[in-house]
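First the structure, in the form of structure tokens, and then the observations on it.
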Amino acid sequence: MDQLLVSLFDLAYSIATLALIAAGLALVFGLMRVINLAHGEFIVLGGYATITALQWGVNIWVAMLVVAPLTVGLFGFLVERLVIRWLYGRTVDTLLATWGLSLAMAGGMSMVFGTTTTGVPNPLGPVQLGAYQVG
């Protein structure tokens, strides 16, 4: 029974994550008519901004709720002004531009941060579900 609760918790977490990402994609496409194929890299950029801020000694809540959104927002603003702005209304061109941006961002982050997986500690601690703990 406990294993079922843990599996349901993991399932709900995965569904909530995918729903949040899909809502962001739908919002960008609905407002700007741009299909962003670099959305995953923007999410990863926020994660790396959080990790870097933590390594510099910033509080985890400030890193997650202030540093990461500001970093991604500033980078997104620059991308919109330098790349996307000239491509509004041209769906195929925005697809190609954001795909190229995705490849460039993935390569750049691999060069800067390496290919190892780094995590962020759970600020709330584990949740006890029967005999199991879920982070």
Side-chain angles (χ1 to χ4, degrees):
M1 182 64 181
D2 294 342
Q3 183 64 35
L4 178 65
L5 285 174
V6 170
S7 297
L8 289 174
F9 185 82
D10 286 340
L11 180 67
Y13 176 76
S14 298
I15 290 171
T17 302
L18 291 173
L20 185 61
I21 292 169
L25 287 172
L27 181 69
V28 168
F29 182 67
L31 292 176
M32 298 173 41
R33 294 286 182 219
V34 171
I35 299 174
N36 183 8
L37 294 181
H39 60 279
E41 283 73 17
F42 279 93
I43 294 169
V44 171
L45 180 63
Y48 278 128
T50 301
I51 291 168
T52 303
L54 286 176
Q55 290 172 348
W56 288 351
V58 176
N59 181 318
I60 189 166
W61 294 105
V62 174
M64 290 188 307
L65 300 175
V66 176
V67 174
L70 286 177
T71 302
V72 175
L74 179 63
F75 186 75
F77 177 77
L78 291 174
V79 167
E80 194 277 332
R81 291 292 179 199
L82 298 175
V83 179
I84 303 299
R85 166 180 265 199
W86 315 106
L87 302 174
Y88 286 126
R90 297 166 29 194
T91 306
V92 174
D93 294 342
T94 59
L95 279 167
L96 291 173
T98 57
W99 179 50
L101 178 65
S102 168
L103 295 174
M105 287 177 71
M109 285 187 277
S110 293
M111 286 188 331
V112 172
F113 297 106
T115 57
T116 58
T117 303
T118 308
V120 175
N122 184 349
L124 300 177
V127 175
Q128 189 75 27
L129 292 176
Y132 297 97
Q133 288 186 349
V134 180

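Just so it is clear, the values below take in all heavy atoms, side chains as well, and ignore hydrogens, waters and symmetry mates.
- Proximity of a side-chain donor or acceptor of Thr71 to a complementary backbone N or O of Gly46 within less than 3.5 Å is not detected.
- From Met64, atom CE reaches atom CG of Leu54 across 8.0 Å, with rounding to the nearest 0.5 Å.
- Once rounded to the nearest 0.5 Å, the distance linking CD1 of Ile15 with CG of Asp10 reads 11.0 Å.
- Clustering ILVMFWY residues whenever any of their side-chain heavy atoms sit less than 4.5 angstrom apart, transitively, puts Val112 in the very cluster that holds Tyr48.
- Remark: Tyr13 OH is loosely packed, at most 12 non-hydrogen atoms of other residues, nucleotides or ligands lying under 6.0 Å away.
- Here the shortest heavy-atom pairing between Met109 and Glu41 reads CE-O, 3.6 Å.
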For this session: Carefully, step by step, assess Glu80 and Tyr88 under the rule side-chain contact (heavy atoms from CB on, under 4.5 Å).
Result: CA-CA 10 Å; Glu80 194 277 332; Tyr88 286 126; 2.5 Å; yes

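- Grouping the Ile, Leu, Val, Met, Phe, Trp and Tyr side chains by contacts below 4.5 angstrom, directly or via other members, places Leu65 with Ile60.
- Residue Asp93 comes nearest to Arg90 through the heavy atom pair OD2-NE, 2.6 Å, listed as atom of the first residue, atom of the second, then distance.
- The backbone N or O of Ala106 sits less than 3.5 Å from a side-chain atom of Ser110, completing a donor-acceptor pair.
- Annotation: the span from Leu87 atom CG to Leu96 atom CG amounts to 9.5 Å, rounded to 0.5 Å.
- The two atoms that bring Met105 and Phe42 nearest to each other are CE-N, 4.0 Å, heavy atoms only.
- Of all non-hydrogen atoms in Thr91 and Ile35, the two that sit nearest each other are CG2-CD1, 3.8 Å.
- The hydrophobic clustering, which links ILVMFWY residues whose side-chain heavy atoms are closer than 4.5 Å, places Trp61 and Val120 together.
- A chain of hydrophobic side-chain contacts below 4.5 Å, direct or via other Ile, Leu, Val, Met, Phe, Trp or Tyr residues, connects Leu101 to Leu82.
- Cluster membership check: Leu74 does not share its hydrophobic cluster with Val72, using side-chain heavy-atom separations under 4.5 Å among Ile, Leu, Val, Met, Phe, Trp and Tyr.
- Rounding to the nearest 0.5 Å gives a distance of 10.0 Å between CG of Leu8 and CD of Gln3.
- For Ala49 against Ala68, the heavy-atom pair with the smallest separation is CB-CA, 4.0 Å.
- Of the inter-residue distances, the one linking Leu37 atom CG with Leu103 atom CG reads 9.5 Å to the nearest 0.5 angstrom.
- The distance from atom CZ of Phe113 to atom OG1 of Thr52, rounded to the nearest 0.5 Å, is 4.0 Å.
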